Amino acid sequence: MGSDLFAAVPDRVSVYEVSPRDGLQNESATVPLSGKLRLVDALVAAGLERIEITSFVSPKWIPQLADADDLAEAVMAHRASHRPSVRFSALCPNARGLERAKKAGIEEIAVFLSASETHNKKNVNKSIDATLAAFEETIAPAREAGMRVRGYVSTVWGCPYEGDVAPERSIAIAKKLYAMGCYQISLGDTIGAGTPRLTRDIVGRALGELPVDALAMHMHDTRGTALANIVVGLELGVRHFDASVGGLGGCPYAPGAAGNVATEDLAYMLQGMGVETGIDLERLVEAARAAESIVGRPLPGKVHKAGIRSLRA
Ligand code: HMG
Ligand code: MG
């Protein structure tokens, strides 16, 4: 194994934590607000700097996050007790969601759509074009209000209803989101279908069209390939990765989808590769255990079960 293989791997990457949102949106039992706040506190204590805490979507569509306003208000009310560098964000599908985010004092929103029509329709009840048009009510107004806006493109590695998705489609949508004012676009393997060669194709093309810091990877680990795909992204120079502590989660409109790559598994791998994240691995393991106790079941992440052995830098 020559050193050239990892020559482009960045010295530092940022991890965008999605467990309170992507993780909890698919839980069968509704987690009480106090449990969600405990999870957010544990994530902050573990050194995470970017945390997506909830969604300002329709409570009829996602009842698990119906307490979004109370949660966001509680988190933002304790803003002073958290490190000022921590950024809390929330999903926001429309003008109504933006109003709720503003009222709660949230500083960053995330808009989302799919690269495949059927998943998009099932997720937000609109065509892709109509969804992009509706972003006129969120992206620019949020930016005018001083908020940062992130964008997600789902089903990039495959759609549960339509199968393969041409990378050109996903990248064209990502470019539109960037042009509309999203500072970063997270490409989603919603159903965890990706394998390394496909990842090299998708991410390699995306890096040819977008600045490196405008690109993130959001890899669900349904088939155990998330870390392999992330290594490919690292080799290509990607610096932003989404993750969910314990591997909590899934997408309610992608049947059978498992959670995002477990944050502790990603952080362990990055630490072992000498890549800085600012994460305290021991405290992250505590956060994964807190997540298990909050949802009342074992979670699929591996490192929080196996423990951290001492690592060579
Ligand atoms: P709709 O039914 O077409 O919208 O839903 P509508 O405008 O006709 O409104 C229907 C009802 O919802 C109305 O209430 C609205 O007021 C209300 P009613 O009159 O029936 O009482 N409503 C709202 N309430 C609160 N907040 C709002 C809001 N908007 C409307 N913001 C809509 C359209 C987009 C709202 C709906 O489809 C929705 O909420 N979808 C969210 C789906 C979702 O959250 N999916 C999971 C997140 S995406 C994901 O997990 C993928 C990702 O992780 C990346 C990856 O893995 O690939 C990001
Ligand atoms: Mg997701």
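Here the structure is a predicted model, which means the values were calculated and not measured. We count ligands from 1, going down the list as the structure has it; atoms in each ligand are counted the same way.
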Heavy-atom proximity to atom 5 (O) of ligand 1 ranks first, among Trp157, Tyr152, Trp61, for Trp61

Worksheet entry | Within-cut-off N or O pair, Ser55 and ligand 1, under 3.5 Å | no

Only residue of Asp69, Ile62, Leu65 satisfying side chain to side chain contact (heavy atoms under 4.5 Å, CB included) with Phe56 is Asp69

Rounded to the nearest 0.5 angstrom, the CG-CE distance for Leu227 and Met219 is 10.0 Å

*Would you check, one step at a time, whether the test salt bridge (Lys or Arg N to Asp or Glu O under 4.0 Å) holds for Lys102 with Glu99?*
CA-CA 5 Å; Lys102 277 190 197 163; Glu99 280 318 304; 3.6 Å; yes

Worksheet item: Is Arg148 close enough and on-axis enough to Tyr183, meaning under 6.0 Å and within 45°, for cation-pi?
Response: yes

Phe112 heavy atoms within 4.0 Å reach ligand 1 at atoms 48 (S)

In ligand 1, the atoms that come under 4.0 Å of a heavy atom of His220 are 56 (O)

**Prompt:** How about Asp213: does its CG atom have over 12 heavy atoms from other parts shown lying under 6.0 Å from it?
**Reply:** yes

Original post:
Taking atom types as modelled and ignoring hydrogens, do the side chains of Glu162 and Thr118 form a donor-acceptor contact shorter than 3.5 angstrom?
Top reply: yes

Under 4.0 Å from one or more heavy atoms of Val124, ligand 1 contributes atoms 33 (C), 34 (C), 37 (O)

Run the contact test for Pro59 against ligand 1 with a 4.0 Å cut-off on heavy atoms, strictly below, and give the result.
-> yes

Side-chain donor/acceptor of Gln64 to backbone N/O of Glu27, under 3.5 Å: yes

### Message
Are there over 12 heavy-atom neighbours, none belonging to Glu168, within less than 6.0 Å of that residue's CD?
### Response
yes

The answer for which part of Asn123 has a heavy atom under 4.0 Å from ligand 1 is both

Review point. Can a salt bridge be assigned to the pair Arg200 and Glu235 using a cut-off of 4.0 Å between side-chain N and carboxylate O?
Key: yes

Notebook entry, point to check: Between Phe56 and ligand 1, does any nitrogen or oxygen pair lie at a separation below 3.5 Å?
Noted result: yes

Min N/O separation Arg100 to ligand 1 under 3.5 Å:
yes

Near Arg283 CZ, under 6.0 Å, is it more than 12 heavy atoms from other residues, nucleotides or ligands? no

Short version for Leu91: what comes under 4.0 Å of ligand 1, heavy atoms counted, is side chain

Sorted by chain and residue number, the ring pair (Phe, Tyr, Trp, His ring centres under 6.0 Å) partners of His218 (sequence neighbours excluded) come out as Tyr152, His220

Checking heavy atoms under 4.0 Å, the part of Asp22 that sits near ligand 1 is side chain

Those residues at least two apart in sequence (or on a different chain) that pass ring pair (Phe, Tyr, Trp, His ring centres under 6.0 Å) with His78 are none

Nearest non-hydrogen contact to atom 51 (C) of ligand 1 from the set Ser154, Ala134, Ala68, Gly151 belongs to Ser154

Side chain or backbone, does Lys60 bring an N or O within less than 3.5 Å of an N or O on ligand 1? yes

Honestly, for Asn94 the part within reach of ligand 1 (heavy atoms, under 4.0 Å) is side chain

Here the atoms of ligand 1 under 4.0 Å from any heavy atom belonging to Gly97 are 31 (N)

Heavy-atom proximity to atom 1 (P) of ligand 1 ranks first, among Val153, Asn125, Thr190, for Asn125

Honestly, for Arg21 the part within reach of ligand 1 (heavy atoms, under 4.0 Å) is side chain

For Ile62, the atoms of ligand 1 under 4.0 Å from one of its heavy atoms are 43 (C), 44 (O), 45 (N)

Looking at Asp22, the N/O/S atom that lies nearest to the Mg ion (ligand 2) is called OD2

Query - Distance-only N or O hit between ligand 1 and Arg96, under 3.5 Å - result: yes

